[in-house]
Amino acid sequence: MLKGRSVLLVIGGGIAAYKSAELIRLIRKAGGGVRVILTKAGSEFVTPLTIASLSGEKVYDDIFSLTDETEMGHIELSRSADLVVVAPATADLMAKAANGLANDLASTALLATDKPVLMAPAMNVRMWNHAATQRNLATLQRDGIVFVGPDDGEMACGEYGPGRMAEPAAILAAIEAHFARNSGLRPLAGKHVLITAGPTHEPIDPVRYIANRSSGKQGYALAEAAHQAGARVTLVSGPVTLPAPTGVTLIRVETAEEMNEAVEKALPADLAIFAAAVADWRVKNAASEKIKKQGHAIAPIELAENPDILARVSRHTDLRPRLVVGFAAETENVIVHATAKLARKGCDLIVANDVSPQSGVMGGERNQVHILSASGIESLPEMDKAAVAEVLIARFARLLTQAQT
Ligand code: C5P
């Protein structure tokens with residue numbers, strides 16, 4: 001996935017530096033090359049020898065080394081890679097980069113580079129939350145630097161909160177997503193991708209309804225990612241408060257039956273992704289006027305089962321998309337339930353995630369998913385929903401190409 005790509009990795013001084021050793025291994029395993037700048041503080045946590053052995057390259061750690069300057073000047077070094085990754089990005093490195101300081105090799109390279117920069121911050125929670133760091137973060141983001149993490153969790157210093165460096169697998173996914181976004185490759189060019197998203201609302205009367213909890217964020221992020229990958233995208237969305245993604249045909253619906261109809265109309269498609277949280281039942285005896293609270297016995301609500309859109313499309317004989325993907329939002333035994341769903345629905349893949357209240361996935365910005373297929377399970381690291389979407393779309397595009405050949 002990173003074949004022919006090279007990364008300049010800046011390792012700052014933090015306990016998370018040991019994770020960067022793993023990151024080097026992962027980048028190389030994915031086919032990429034890594035050159036490393038190790039700050040002085042970074043070398044207190046990992047040794048140049050470890051880094052050199054893992055990267056298979058000389059480690060750069062001193063701006064004033066004359067040998068380095070004759071072999072490769074610091075300006076050239078800063079531009080030698082396709083992407084600069086700073087992991088761990090300490091508060092100090094962020095502050096230097098935000099203010100354009102250049103008093104060691106790492107900060108000089110960050111100032112001299114003309115390549116995109118990705119930072120994976122790691123620091124104590126109070127340092128992260130400090131107004132100065134947050135100011136620097138905003139400046140760096142304005143400068144176009146992309147961030148992955150930090151994650152919430154227990155820190156080496158015993159405190160709890162945001163500040164833990166993103167896991168190496170999540171940083172690798174962010175690197176892959178960066179290259180997928182900027183490769184100019186449009187793996188879904190010429191393909192029609194159909195996506196359902198959001199909840200459905202099943203009216204009880206004109207003002208009340210039955211619904212599932214769903215913000216639609218993951219489905220909308222998938223639509224954006226598919227569009228970025230060059231696809232023609234039809235997004236059939238239940239009621240959500242999200243803005244319409246650009247470049248995507250958005251069809252707004254209320255109920256499961258309307259969603260089903262819109263999906264049928266949008267076929268044929270090459271890839272169909274059913275990310276909507278469709279209500280399983282609709283109200284058979286929905287009232288045409290608002291049901292009054294007083295003076296009437298409450299009429300029982302009669303339910304009828306909604307069409308299972310995913311199962312129907314999976315079983316289409318003529319218009320079945322080449323790749324059909326379902327979602328499984330579970331609150332327990334995620335893999336067991338998702339495996340059963342894969343068979344029951346007849347789709348090619350199930351993307352499963354834990355939506356128990358403690359996971360914070362519902363309505364949140366982050367997600368951690370498992371991709372289940374007949375050939376096994378791939379678990380992605382926890383990432384923001386846009387990154388999850390980019391990785392998923394890249395996987396689906398690859399499967400579509402394989403199915404074609
Ligand atoms: O059966 P369950 O609702 O858990 O299945 C989830 C998957 O099935 C999701 O991909 C969802 O979009 C899809 N689904 C559907 N139509 C339904 C119910 C679920 O397309 N009526």
Side-chain angles (χ1 to χ4, degrees), residues 193-203 209-223 226 233-240 242 250-267 269 271-284 303-316 319-321 323-356 359 361-363 367 369-374 377 385 388-389 392-393 395-396 399:
V193 176
L194 171 61
I195 301 175
T196 68
T200 63
H201 286 182
E202 310 296 332
Y209 57 82
I210 297 177
N212 282 5
R213 282 187 205 282
S214 168
S215 65
K217 283 180 187 164
Q218 190 62 75
Y220 274 55
L222 283 161
V233 182
T234 306
L235 174 63
V236 180
S237 170
V240 295
L242 300 170
L250 175 64
I251 300 168
R252 295 183 201 271
V253 296
E254 285 272 325
T255 66
E257 285 185 312
E258 287 168 13
M259 185 172 273
N260 185 45
E261 214 170 289
V263 164
E264 291 294 337
K265 254 199 204 141
L267 291 173
L271 163 63
I273 307 170
F274 294 88
V278 184
D280 290 315
W281 305 281
R282 66 179 175 278
V283 179
K284 239 166 116 177
L303 298 176
E305 202 163 320
N306 270 329
D308 189 321
I309 310 168
L310 167 62
R312 288 167 72 123
V313 171
S314 297
R315 301 209 156 87
H316 270 338
L319 285 179
R320 187 190 195 278
L323 192 65
V324 180
V325 182
F327 267 68
E330 303 291 347
T331 56
E332 50 164 9
N333 298 329
V334 177
I335 302 293
V336 175
H337 289 308
T339 307
K341 206 160 283 181
L342 183 63
R344 199 169 65 238
K345 303 269 187 175
C347 51
D348 304 298
L349 299 173
I350 284 276
V351 178
N353 59 350
D354 180 353
V355 293
S356 57
S359 73
V361 166
M362 283 289 195
N367 202 359
V369 302
H370 313 272
I371 309 170
L372 283 80
S373 68
I377 300 176
K385 288 180 177 172
V388 169
L392 287 178
I393 289 294
R395 296 285 188 279
F396 302 159
L399 287 170

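Atoms within a ligand are numbered from 1 in the order they appear, just like the ligands themselves.
- In summary, the atoms of ligand 1 found under 4.0 Å from a heavy atom of G326, numbered by their order in the structure, are 10 (O).
- Scanning the protein for heavy atoms near atom 18 (C) of ligand 1, the closest one is V278 CB, 3.7 Å.
- Here the protein heavy atom with the shortest distance to atom 1 (O) of ligand 1 is K345 NZ, 2.9 Å.
- Near F274, the atoms of ligand 1 lying under 4.0 angstrom from a non-hydrogen atom of the residue are 9 (C), 10 (O), 11 (C), 12 (O).
- Annotation: atom 13 (C) of ligand 1 to nearest protein heavy atom, L310 CB, 3.7 Å.
- Counting protein heavy atoms only, atom 16 (N) of ligand 1 is closest to I309 N, 3.0 Å.
- Here E305 contributes atom CD and K284 contributes atom NZ; the two are 11.5 Å apart, rounded to the nearest 0.5 Å.
- Protein heavy atom in closest approach to atom 3 (O) of ligand 1: D280 OD1, 4.0 Å.
- Residue L242 comes nearest to S215 through the heavy atom pair CD1-O, 3.4 Å, listed as atom of the first residue, atom of the second, then distance.
- Taking a cutoff of 4.0 Å between a charged side-chain nitrogen and a carboxylate oxygen, R315 and D308 do not qualify as a salt bridge.
- Residue-ligand proximity, P307 to ligand 1, at heavy-atom distances under 4.0 Å covers atoms 16 (N), 17 (C), 21 (N).
- Of the protein's non-hydrogen atoms, the one nearest atom 6 (C) of ligand 1 is F327 O, 3.0 Å.
- Under the 3.5 Å distance criterion, with hydrogens and angles disregarded, no donor-acceptor pair is assigned to the side chains of Y209 and T255.
- V278 approaches N212 most closely through the heavy-atom pair O-ND2, 3.2 Å.
- Tested against I251, the residues V263, L194, L235, T234 include a single side-chain contact (heavy atoms from CB on, under 4.5 Å) partner, T234.
- Separating the CG atom in D354 from the CG atom in N333 is a distance of 10.0 Å, to the nearest 0.5 Å.
- The residue among R312, R344, K341 with a heavy atom at the shortest distance from atom 4 (O) of ligand 1 is K341.
- With contacts defined as side-chain heavy-atom distances shorter than 4.5 Å, the pair L349/S373 qualifies.
- Looking at A328 against ligand 1, nothing comes within 4.0 Å, counting heavy atoms.
- The closest protein non-hydrogen atom to atom 12 (O) of ligand 1 is A276 O, 2.6 Å.
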